[in-house]
Participant: 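Shown below is the structure under consideration.
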Amino acid sequence: MAHHRASDTKREHFRRYLEKAGVVDSLTSVLVALYEQPERPNNALEFVKQHLGAAGQTSADTEALQQEVIDLRQRCARLAEENKDLKTRVNLIL
């Protein structure tokens, strides 16, 4: 009987920890969003992952990261072209 109470106490502490951290609210929100989908997604786990990941990031963060990816890809393309040109010059000199 004492083991059962200790187990219940442990669960209760863990439940309060999850509530304080906002985990319960986040999971509830995602599950409600999934429930309210007019058509069930083929992959419910992927839906939950995407929505949980989105909960921690603002759209401004996402937009900034997407712009950074675009800028870095353009820079990479420019550097690759410059590298190609420099190799051509070196071969002409040799």
Participant: Could you pull out all donor-acceptor pairs under 3.5 Å where a side-chain atom in residues 12-19 meets a protein atom, sequence neighbours excluded?
Facilitator:
| from | atom 1 | to | atom 2 | distance (Å) |
| --- | --- | --- | --- | --- |
| E12 | OE1 | R15 | NE | 3.2 |
| E12 | OE1 | R15 | NH2 | 3.3 |
| E12 | OE2 | R15 | NE | 3.4 |
| E12 | OE2 | R15 | NH2 | 2.1 |
| R15 | NH1 | E19 | OE1 | 3.1 |
| R15 | NH1 | E19 | OE2 | 2.5 |

Participant: Can you measure from NE2 (H51) to OG (S26) and round to the nearest 0.5 angstrom?
Facilitator: 12.5 Å

Participant: Specify the closest pair of heavy atoms between V48 and V30, including all atoms of both residues, with the distance to one decimal.
Facilitator: CA-CG1, 3.7 Å

Participant: Keeping to residues at least two apart or across chains, list the side-chain hydrogen bond (donor to acceptor under 3.5 Å, both in side chains) pairs with something in residues 65-75.
Facilitator: Q67-D71

Participant: In the hydrophobic clustering that connects Ile, Leu, Val, Met, Phe, Trp and Tyr at side-chain heavy-atom distances below 4.5 Å, which members other than V69 occupy its cluster, ordered by chain and number?
Facilitator: none

Participant: Side-chain atoms of residues 32-43: list all donor-acceptor pairs with protein atoms under 3.5 Å, sequence neighbours left out, distances to 0.1 Å.
Facilitator:
| from | atom 1 | to | atom 2 | distance (Å) |
| --- | --- | --- | --- | --- |
| Q37 | NE2 | A33 | O | 3.4 |
| R40 | NH1 | L34 | O | 3.4 |
| R40 | NH1 | Y35 | O | 3.0 |
| R40 | NH1 | Q37 | O | 3.3 |
| N43 | OD1 | L45 | N | 3.2 |
| N43 | OD1 | E46 | N | 3.1 |

Participant: Could you go through residues 76-93 and list every donor-acceptor pair under 3.5 Å that involves a side-chain atom there, pairing it with any protein atom two or more places apart or in another chain?
Facilitator:
| from | atom 1 | to | atom 2 | distance (Å) |
| --- | --- | --- | --- | --- |
| T88 | OG1 | K84 | O | 3.0 |
| N91 | ND2 | K87 | O | 3.3 |

Participant: Just jot down the side-chain hydrogen bond (donor to acceptor under 3.5 Å, both in side chains) partners of R11, sequence neighbours excluded, or say none.
Facilitator: D8

